[in-house]
2 protein chains.
Amino acid sequence: MSVRSVPRYRELKDGIIARIATGELKPRDRVPSENELAGTHGVSRMTANRALRELHAEGYVERIAGRGTFVADLRAASHVLEVRNIAEEIAHRGHRHSARVLELARRPADAEVARALAVRPGSEVFRALVVHAENDVPLQLEDRHVAACFAPGFLEQDYTVTTPSAYLSAVAPLARAEQVVRAELPDPSVRQHLHMPEGEPCLVVVRRTFARGRPVSYGRLHHPGSRFELAGRYTPPGAGRGGRQRKATQP
Amino acid sequence: MSVRSVPRYRELKDGIIARIATGELKPRDRVPSENELAGTHGVSRMTANRALRELHAEGYVERIAGRGTFVADLRAASHVLEVRNIAEEIAHRGHRHSARVLELARRPADAEVARALAVRPGSEVFRALVVHAENDVPLQLEDRHVAACFAPGFLEQDYTVTTPSAYLSAVAPLARAEQVVRAELPDPSVRQHLHMPEGEPCLVVVRRTFARGRPVSYGRLHHPGSRFELAGRYTPPGAGRGGRQRKATQP
DNA sequence: CCCGGCAGGTTGTATATACAACTGGCGCCA
DNA sequence: TGGCGCCAGTTGTATATACAACCTGCCGGG
């Protein structure tokens, strides 16, 4: 008997999200039915139901009674109101995520990084520089610094299959995040990594995350202005029900 | 036996949301436990569990195993991307806000505006074009279109002393807002109004507000990239165990 | 007095079962 | 041929049950 730390409905969800992220499941593709999932994974139908129902609530899939479950169509924009990693974001839009690691090393902190992570300048921190692509088109240059003591295994991860954010949130529960959004002209190196023409602006998100009251990571995320935008939705409390409106199937 | 058009778990959810909306349940108050709800409403514990679980996923309540369910604390839920009234924003920084009205008129809707406001192309809408300045330095060019039927007095306001957003939120209770943020190079006219050097990018916020289920206003807000940025903070619900952070909607 | 353990309440998960409502296709019948 | 109805598959809901993990307060032993 193995100890199960993660619940089975969560395993099912993560598995389907991964299949969307890798492109194995594309928008409008059919997702296995509840009974199929129950059979292949050895769980009850109710557990499969919960996994698919939550994926629906989170916008990954569309469900039609009597027909089946399908990968949701691409969405126009991402949600800035949610702290999620770029791979999930791309999967959420029904596209394929891939990543290229440009650097993954131990480095002394410069002044800006040291201030952001609340360490002494020159002390060693981990740094990852990764280009994330959506259907092979670069969409984000992630320049992330991590306080060494909080994530000892940070340098041993393969960031083509996971993402720094995913590893960090697995290692240390996210307690708080701060972010700043601005428009900038990119450095030549950034422009090159993102395949941007000269003169095109970047949408830059600078994000700092905290766990146990201390800064854990500091990320500068550059996005090509022509291919990326942030969207948010706001509903005052008490106005209608949350969640996404689906096409009403009943009168 | 009466026909039940709405499922019971949803009745439970709506009942609790209503009790929060009326103030009968305040933040940090205890919500009845699953067993209590099951008993008082004559449903099984699993049905009560689903209602509370979904309320948690939607951010209404906080759940702690072994302790109970509590109304979520709104303090923690602050906008990650808060587009506040520009006058308040400037006042908050201790600076002086001033505005110059470039246009305030009735106009036929072009295709983009008509689509955004869900009116027929060519039908008349109100338009305001205002430059907002901080200590006389231009900080925002507000290009706003308003559906005529919702704000009959829109053209009679003096937007050097109030702002279009302030007037709209006073006239029609905000039911929903959508916003998109992107980085763009400005048109020459925009650049001139904002006193921007050539080549400097803009941070553009496109915002649409809804009341009574219909679009009310559509605003395009251009800001000089070198002088403006959006900042936000985020605290996930249930900062203990790596929870599923869900949609974050807040005041 | 302090501390450990236990009892009871609460949430979290998993399962088996049941029925309703809806969809799509197949086959039967006029 | 055309239409109708049935059936298999799918999702949606509701329930009873079971066990695990967790928290709090209480009580008793040291």
Side-chain angles (χ1 to χ4, degrees), chain A residues 1-16 28-58 60-72 173 241 243-251, chain B residues 1-16 28-58 60-72 237-244 246:
Chain A
M1 293 250 293
S2 67
V3 176
R4 188 187 321 288
S5 54
V6 295
R8 314 193 71 163
Y9 77 92
R10 184 83 92 99
E11 286 182 350
L12 289 184
K13 285 177 63 178
D14 290 343
I16 292 170
R28 296 179 179 273
D29 275 2
R30 187 168 179 283
V31 175
S33 75
E34 298 179 0
N35 281 321
E36 288 168 351
L37 283 175
T40 59
H41 289 77
V43 300
S44 77
R45 194 202 130 200
M46 285 306 295
T47 301
N49 173 273
R50 176 168 179 182
L52 291 180
R53 179 156 37 85
E54 292 194 1
L55 286 175
H56 173 59
E58 291 164 23
Y60 285 101
V61 301
E62 196 66 29
R63 309 195 78 195
I64 304 175
R67 296 229 320 154
T69 302
F70 306 87
V71 178
R241 71 186 30 92
R244 326 183 169 269
Q245 305 292 68
R246 296 278 149 215
K247 294 155 229 152
T249 52
Q250 59 224 9
Chain B
M1 295 268 285
S2 66
V3 176
R4 191 189 327 288
S5 56
V6 295
R8 313 195 70 160
Y9 78 93
R10 197 187 264 267
E11 285 182 350
L12 289 184
K13 286 177 63 178
D14 289 344
I16 292 169
R28 296 180 179 271
D29 276 0
R30 188 168 179 282
V31 175
S33 75
E34 298 179 359
N35 281 321
E36 288 168 350
L37 283 176
T40 59
H41 289 77
V43 300
S44 78
R45 194 201 132 202
M46 284 305 295
T47 301
N49 173 273
R50 176 167 179 184
L52 291 180
R53 179 157 37 86
E54 293 195 359
L55 286 175
H56 174 60
E58 291 164 20
Y60 286 100
V61 301
E62 199 61 33
R63 309 195 79 194
I64 305 175
R67 294 232 317 152
T69 302
F70 306 87
V71 177
R241 171 71 178 82
R244 265 290 169 263
R246 291 280 298 122

Quiz item: Residues two or more places apart in sequence or in another chain: which of them pass side chain to side chain donor-acceptor pair (under 3.5 Å) with A:Thr47?
Solution: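 By the side chain to side chain donor-acceptor pair (under 3.5 Å) rule, A:Thr47 matches A:Ser44.
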Quiz item: What residues, two or more places apart in sequence or in another chain, satisfy side chain to side chain donor-acceptor pair (under 3.5 Å) together with A:Arg45?
Solution: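 Partners of A:Arg45 by the side chain to side chain donor-acceptor pair (under 3.5 Å) criterion, ordered by chain and then number, come out as A:Glu34.
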Does [N] have OP1 or OP2 sitting under 4.0 Å from an N or O in the side chain of [X]?
| X | N | value |
| --- | --- | --- |
| B:Tyr9 | D:dA14 | no |
| A:Thr69 | D:dT10 | no |
| A:Arg30 | D:dT10 | yes |
| A:Arg67 | D:dT11 | no |
| A:Arg63 | D:dG12 | yes |
| A:Arg50 | C:dT13 | yes |

Quiz item: Is there a side-chain contact between A:Leu37 and A:Ile16 (heavy atoms, below 4.5 Å)?
Solution: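 A:Leu37 reaches A:Ile16 side chain to side chain.
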Take atom [atom1] of [X] and atom [atom2] of [N], then tell me their distance rounded to the nearest Å.
| X | N | atom1 | atom2 | answer |
| --- | --- | --- | --- | --- |
| A:Phe70 | D:dG9 | CZ | C1' | 12 Å |
| B:Asn49 | D:dC19 | CG | C1' | 14 Å |
| B:His56 | C:dG12 | NE2 | P | 7 Å |
| A:Arg53 | C:dT13 | CZ | C1' | 13 Å |
| B:Glu54 | C:dT13 | CD | C1' | 16 Å |
| A:Arg10 | C:dA14 | CZ | P | 11 Å |
| B:Leu52 | C:dT11 | CG | P | 7 Å |
| B:Glu62 | D:dC22 | CD | P | 17 Å |

Quiz item: In residues 32-40 of chain B, what residues come within less than 4.0 Å of DNA chain D, judged by heavy atoms?
Solution: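 When residues 32-40 of chain B is checked for heavy atoms under 4.0 Å from DNA chain D, there are no hits whatsoever.
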Exercise. Would you mind reading off the bend of the helix from C:dC1-D:dG30 to C:dA30-D:dT1 from its two end axes, five pairs each, to 10 degrees?
Key: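 Terminal axis comparison yields 10°.
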Taking all non-hydrogen atoms of both residues into account, name the closest pair between [X] and [Y] and its distance.
| X | Y | answer |
| --- | --- | --- |
| B:Arg8 | B:Val43 | NE-CG1, 3.6 Å |
| A:Tyr9 | A:Glu54 | CE1-OE1, 3.5 Å |
| B:Ala48 | B:Ala38 | CB-N, 4.2 Å |

Gap between atom [atom2] of [Y] and atom [atom1] of [X] - 0.5 Å precision:
| X | Y | atom1 | atom2 | value |
| --- | --- | --- | --- | --- |
| A:Leu52 | A:Arg63 | CG | CZ | 4.5 Å |
| A:Arg50 | A:Lys13 | CZ | NZ | 8.0 Å |
| B:Met46 | B:Arg53 | CE | CZ | 6.5 Å |
| A:Asn49 | A:Thr69 | CG | OG1 | 9.0 Å |

Self-check item: Partners passing salt bridge (charged side-chain N to carboxylate O under 4.0 Å, His left out) against A:Arg30 (at least two apart in sequence or in another chain)
Solution: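 A:Arg30 satisfies salt bridge (charged side-chain N to carboxylate O under 4.0 Å, His left out) with A:Glu36 once adjacent residues are dropped.
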Below 3.5 Å between N/O atoms, which protein atoms pair up with nucleotides 15-18 of chain C? Just atom names and distances, please.
unit_1, atom_1, unit_2, atom_2, d
C:dT15, OP2, A:Ser44, N, 3.1
C:dT15, OP2, A:Thr47, OG1, 2.8

Practice problem: Applying side chain to side chain contact (heavy atoms under 4.5 Å, CB included), run through B:Glu11 and B:His41 and close with a yes or a no. | Solution: CA-CA 10 Å; B:Glu11 285 182 350; B:His41 289 77; over 6 Å; no
